[in-house]
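Labels below follow one simple rule: chain letters A, B, ... track the order of the sequence lines, proteins then strands, and each chain is numbered from 1.
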Protein chains: 2
Amino acid sequence: MESWLDITPHSDFSLINIPFGIITYPGAGISTPRVAVAIGDQALDLAVFSTSQGFSKLPVIQPHLHVFHEPTLNAFAALGRPVHRRVREYLQKVFTKNGPYRELLQDSQELRSVSLIKLTSVRNYLPMQIGDYTDFYVGKHHAYNVGVLFRGPANALQPNYSHLPVGYHGRASSIVVSGTSVRRPWGQILDAESSPIYHPTKRLDYELELGAFLCKSNRLGTPVALADAEDCLFGYVLLNDWSARDVQSWEYVPLGPFNAKNFASTVSAWVVLADALEPFRTEGIPNEIDVLSYLRSNVTEAVFNINLEIFLLPGGATSGSVVSRSNSCNMLWSFPQMLTHHTVGGCPMNVGDLLGSGTISGPEAGMEGSLLELTRSGSKSFDVNGVERTFLEDGDEVVLRGWCVDSNGLRLGFGECRGKILSAWVNGIASE
Amino acid sequence: MESWLDITPHSDFSLINIPFGIITYPGAGISTPRVAVAIGDQALDLAVFSTSQGFSKLPVIQPHLHVFHEPTLNAFAALGRPVHRRVREYLQKVFTKNGPYRELLQDSQELRSVSLIKLTSVRNYLPMQIGDYTDFYVGKHHAYNVGVLFRGPANALQPNYSHLPVGYHGRASSIVVSGTSVRRPWGQILDAESSPIYHPTKRLDYELELGAFLCKSNRLGTPVALADAEDCLFGYVLLNDWSARDVQSWEYVPLGPFNAKNFASTVSAWVVLADALEPFRTEGIPNEIDVLSYLRSNVTEAVFNINLEIFLLPGGATSGSVVSRSNSCNMLWSFPQMLTHHTVGGCPMNVGDLLGSGTISGPEAGMEGSLLELTRSGSKSFDVNGVERTFLEDGDEVVLRGWCVDSNGLRLGFGECRGKILSAWVNGIASE
């Protein structure tokens with residue numbers, strides 16, 4: 001399967017991917033955010049493509065073409081996984097060299113000229129309207145590493161850890177799309193004294209996570225059984241759960257993280273559909289206990305083999321480097337298990353809701369998904385191309401990357417999840 | 001100031017109140033939720049009232065009459081407090097006997113017959129579309145009581161408690177309007193063994209709270225200064241933060257409450273505007289420490305003197321009784337302080353967001369805002385008209401009530417915040 005588009009082998013957006021996003025771009029009055037797919041180094045504007053009869057050979061989508069004119073992916077997502085699958089497969093054929101639908105785009109210079117846009121000219125938006133956001137804590141190596149720092153190896157993991165996917169409600173309003181700068185937050189932190197001070201965080205951190213968007217709702221009081229959970233998962237993004245560690249350690253008792261997290265969380269712009277990841281299933285971290293019936297799965301390959309890395313470009317430096325490498329197989333619980341646990345008491349989920357995995361660290365040194373782990377809670381600095389770091393400094397830019405490689409050597413990636421640190425406001429008050 | 005409507009002295013919805021809500025009612029095709037105010041034992045349909053030139057003497061609202069046809073109060077709220085104030089004062093005049101606007105409604109039998117509806121015929125809806133919901137923990141007596149149960153009196157309050165309004169992100173999707181039944185949730189609970197079982201909660205509880213809806217947004221990265229926070233507060237409701245205590249105690253370490261809370265939270269149907277509560281300002285619980293600058297207020301009367309009570313009607317019983325009485329002055333932090341702390345790191349708030357106070361218990365026996373406190377964590381049962389209870393049983397109905405009385409003896413109340421417990425699903429799976 002080859003494309004008539006020029007797609008380099010190292011492109012994240014190959015023919016086996018076809019991720020969905022929300023874009024605008026300059027020219028011809030395209031100021032209204034609309035749905036697109038990314039392919040190679042271009043985006044296909046599905047609002048333009050659908051209006052120009054691009055989907056004329058796909059009857060199932062005909063009554064729903066309005067979804068491609070929406071400013072979020074929610075309406076498309078709500079059509080359900082069988083429709084996503086058909087649309088993705090259709091677009092793969094459209095992009096295939098001399099394929100069955102070659103007349104639609106490959107042979108139509110006119111439509112190509114108005115619907116294909118260089119990604120470098122595209123502005124991305126948050127792909128979904130997020131009603132509620134929940135962040136889990138299923139990266140067992142991360143939970144263990146952090147537990148060791150705070151409680152020692154013997155008590156690193158809490159008693160509940162292997163019995164349920166631990167999670168907490170996050171803040172939906174502060175989720176931003178890749179490329180959005182992140183202002184260093186002020187907050188209460190404990191300094192040398194035992195009383196807190198009002199100060200910009202001194203321990204600003206990232207967290208390497210995978211996020212899943214939902215495409216199906218359940219009503220209040222009606223749990224989603226594990227067998228039905230996969231159908232609710234629309235697609236996946238990279239997620240950077242920025243964290244202010246000093247704010248967190250002071251505020252989090254007894255109700256959990258709050259201002260330490262709600263100043264910003266960044267997601268990558270292109271949603272990789274659940275179907276696109278099917279070929280990359282693998283086993284997660286084995287659970288040594290016999291889990292309760294509602295969480296018991298007969299799916300052995302319940303997570304994905306996605307290579308993950310964290311790239312850090314220090315403020316003022318001309319080059320950065322990869323500071324950690326991990327893999328999304330380092331999860332104790334799968335997204336279907338997280339969703340089922342979330343709804344076991346009847347909590348209603350809505351299309352567009354976001355679930356975060358929690359930080360995904362690997363089992364060895366060099367695989368830490370946060371600076372908290374990498375620097376042993378700030379006690380050990382590290383080197384980025386000759387620049388020393390413990391926590392993030394103003395001007396630092398963090399890029400999360402994730403990709404899979406199939407048995408034919410074809411690559412499927414997530415694009416960047418990028419954010420740059422802006423200096424804190426003077427005196428805590430916005431001055432721009 | 002007297003009304004031409006027959007308003008009994010014990011009505012919550014007196015002329016000094018004028019709370020806003022969302023309703024439908026039978027007849028004439030009124031199936032679309034719209035904005036109304038409650039007055040005495042009736043609702044005034046503001047969609048009908050405004051279409052019939054009811055607001056003709058209030059120029060400021062003329063460009064915005066569409067807000068009364070919306071299915072939530074968000075658009076009305078977004079007009080800002082000066083507009084809410086004008087609309088409320090205008091409606092007070094409309095309802096005043098032989099007042100300046102008597103021709104609009106008092107003297108118009110025709111408009112009265114189509115715009116005034118008995119509350120007993122009205123169906124209420126969730127008053128606002130809630131983007132994010134945050135629950136705080138500012139009821140100091142509650143925090144102390146619960147702390148004593150778990151850690152003893154010496155360590156009852158955590159070190160951060162007096163320094164910041166402790167809070168956590170709640171679940172917006174499971175907030176329901178008064179009258180919605182609450183299904184007993186399944187979940188993981190520790191029984192006699194040290195391993196959890198999958199079971200319906202055995203320790204179902206209520207929490208007596210005050211909720212505040214927001215009417216003003218702030219952008220990501222721009223904190224709301226304490227001096228500006230009052231302008232962001234649209235109005236108040238009663239809030240019952242139903243809690244599964246056994247689920248909570250097992251799951252909440254280290255990230256806070258999750259499934260113990262997200263199965264349902266109930267709000268009263270009518271939003272009492274912030275301006276209506278102005279005459280009832282009073283001092284909260286004094287904070288013995290010198291708080292950090294961004295939380296320091298020169299407003300001494302920063303909370304409200306609202307009488308609160310919890311009425312319990314046991315399942316199968318013909319009568320119930322009040323089991324606790326408290327007052328919303330039992331707060332260590334005010335809503336402006338909660339909002340400012342929430343945004344200190346730049347978290348964006350949106351119109352319609354809900355802030356909960358946390359459980360408001362009083363300082364003495366009989367003032368407990370939860371059964372956890374009233375029964376000393378289930379160790380001590382109590383009597384409701386001859387029926388014994390520790391935690392809630394199936395069929396039990398809980399009604400929160402709140403009201404103020406002004407210096408003239410006039411009453412302003414919140415209406416009911418009511419919910420009835422339905423039995424858990426058999427085997428945990430929805431069967432209806």
Side-chain angles (χ1 to χ4, degrees), chain A residues 131-132 134 137 158-160 163-164 166-174 176 180 183 185-188 194-198 201 220-223 225 244 247 250-259 262-264 289 292-294 341-342 344-350 353 422 425 428-430, chain B residues 131-132 134 137 158-160 163-164 166-174 176 180 183 185-188 194-198 201 220-223 225 244 247 250-260 262-264 292-294 341-342 344-350 353 422 425 428-430:
Chain A
D132 279 289
T134 298
Y137 196 54
Q158 301 285 353
N160 59 19
H163 292 275
L164 55 84
V166 170
Y168 71 104
H169 304 122
R171 178 84 193 176
S173 72
S174 52
V176 297
T180 309
R183 178 76 56 189
W186 284 70
Q188 288 200 18
S194 63
S195 278
I197 58 171
Y198 171 50
T201 178
L220 182 81
T222 58
V247 172
W250 169 240
E251 76 174 1
Y252 91 107
V253 177
L255 299 182
F258 183 54
N259 281 347
N262 66 23
F263 59 95
I289 66 155
L292 286 168
S293 57
Y294 74 99
H341 179 67
H342 202 321
V344 67
C347 180
M349 314 300 291
N350 290 304
D353 284 354
L422 302 178
W425 299 119
I429 302 298
Chain B
D132 279 289
T134 298
Y137 196 53
Q158 302 285 353
N160 58 19
H163 293 275
L164 55 85
V166 171
Y168 71 103
H169 304 123
R171 179 83 193 175
S173 72
S174 53
V176 297
T180 308
R183 179 76 55 188
W186 283 71
Q188 288 200 19
S194 64
S195 278
I197 58 171
Y198 171 50
T201 177
L220 183 81
T222 59
V247 173
W250 169 238
E251 76 175 1
Y252 91 107
V253 178
L255 299 182
F258 183 55
N259 281 346
N262 67 22
F263 60 95
L292 287 168
S293 58
Y294 74 101
H341 179 66
H342 202 321
V344 67
C347 180
M349 313 299 291
N350 290 303
D353 284 354
L422 302 178
W425 299 119
I429 301 299

Trainee: Is A:Pro254 close to B:Val166 at the side-chain level, that is, under 4.5 Å between some pair of heavy atoms?
Mentor: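 SC-SC contact between B:Val166 and A:Pro254 confirmed.
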Trainee: Taking the side chain as C-beta and beyond, is there a heavy-atom pair between A:Asn262 and B:His342 under 4.5 Å?
Mentor: yes
Trainee: Please classify the contact between B:Val176 and chain A as side chain, backbone, both or neither, with a heavy-atom cut-off of under 4.5 Å.
Mentor: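 Just the side chain, heavy atoms under 4.5 Å.
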Trainee: For A:Ile197, which atoms come within 4.5 Å of any heavy atom of chain B: side chain, backbone, both, or neither?
Mentor: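 Backbone only.
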Trainee: Return the option, out of B:Gly428, B:Gly170, B:Ala260, B:Ser293, with the maximum number of heavy-atom pairs under 4.5 Å with chain A.
Mentor: B:Gly170
Trainee: What's the separation between atom CH2 in B:Trp425 and atom OG1 in A:Thr222, rounded to the nearest 0.5 Å?
Mentor: 8.0 Å
Trainee: Side-chain contact test, heavy atoms from C-beta onward, threshold under 4.5 Å: evaluate it for B:Arg171 versus A:Thr134 and give yes or no.
Mentor: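 Yes; the side chains approach each other to less than 4.5 Å.
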Trainee: Under a 4.5 Å heavy-atom cut-off, does chain A meet the side chain of B:Pro348, its backbone, both or neither?
Mentor: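 Interface part for B:Pro348: both.
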Trainee: Chain A: which of B:Tyr294, B:Trp250, B:Phe258 shares the most heavy-atom pairs with it under 4.5 Å?
Mentor: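 With the most close heavy-atom pairs to chain A, the winner is B:Phe258.
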Trainee: Heavy-atom distances under 4.5 Å only: say whether A:Pro223 touches chain B with side chain, backbone, both or neither.
Mentor: side chain
Trainee: Top residue by heavy-atom pair count (under 4.5 Å) with chain B, among A:Asp132, A:Val344, A:Asp353, A:Ile289?
Mentor: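 Most heavy-atom pairs within the cutoff with chain B belong to A:Asp132.
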Trainee: To the closest 0.5 Å, what do you measure between CG (A:Leu220) and OG1 (B:Thr180)?
Mentor: 8.0 Å
Trainee: Roughly how far apart are B:Leu255 CG and A:Tyr168 OH, rounded to 0.5 Å?
Mentor: 6.5 Å
Trainee: About how many Å separate CG of A:Asn259 and CG of B:Leu164, when rounded to the nearest 0.5 Å?
Mentor: 8.0 Å
Trainee: Heavy-atom pairs under 4.5 Å with chain B - which of A:Ala244, A:Ala225, A:Pro159 has more of them than the others?
Mentor: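 Of the candidates given, the most pairs with chain B belong to A:Pro159.
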Trainee: Looking at B:Pro185, B:Ser174, B:Pro196, which one has more heavy-atom pairs under 4.5 Å with chain A than the rest?
Mentor: B:Pro196
Trainee: Out of B:Gly187, B:Gly221, B:Ala172, B:Gly346, which one racks up the most heavy-atom pairs below 4.5 Å with chain A?
Mentor: B:Ala172
Trainee: Picking from B:Trp186, B:Tyr137, B:Tyr198, which has the most non-hydrogen pairs under 4.5 angstrom with chain A?
Mentor: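 Max contact count across the listed options: B:Tyr198.
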Trainee: Looking only at heavy atoms and a cut-off of under 4.5 Å, which of B:Ser195, B:Pro257, B:Ala264 has the most pairs with chain A?
Mentor: B:Pro257
Trainee: Where on B:Ser173 is there a heavy atom nearer than 4.5 Å to chain A: the side chain, the backbone, both, or neither?
Mentor: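 Both parts, heavy atoms under 4.5 Å.
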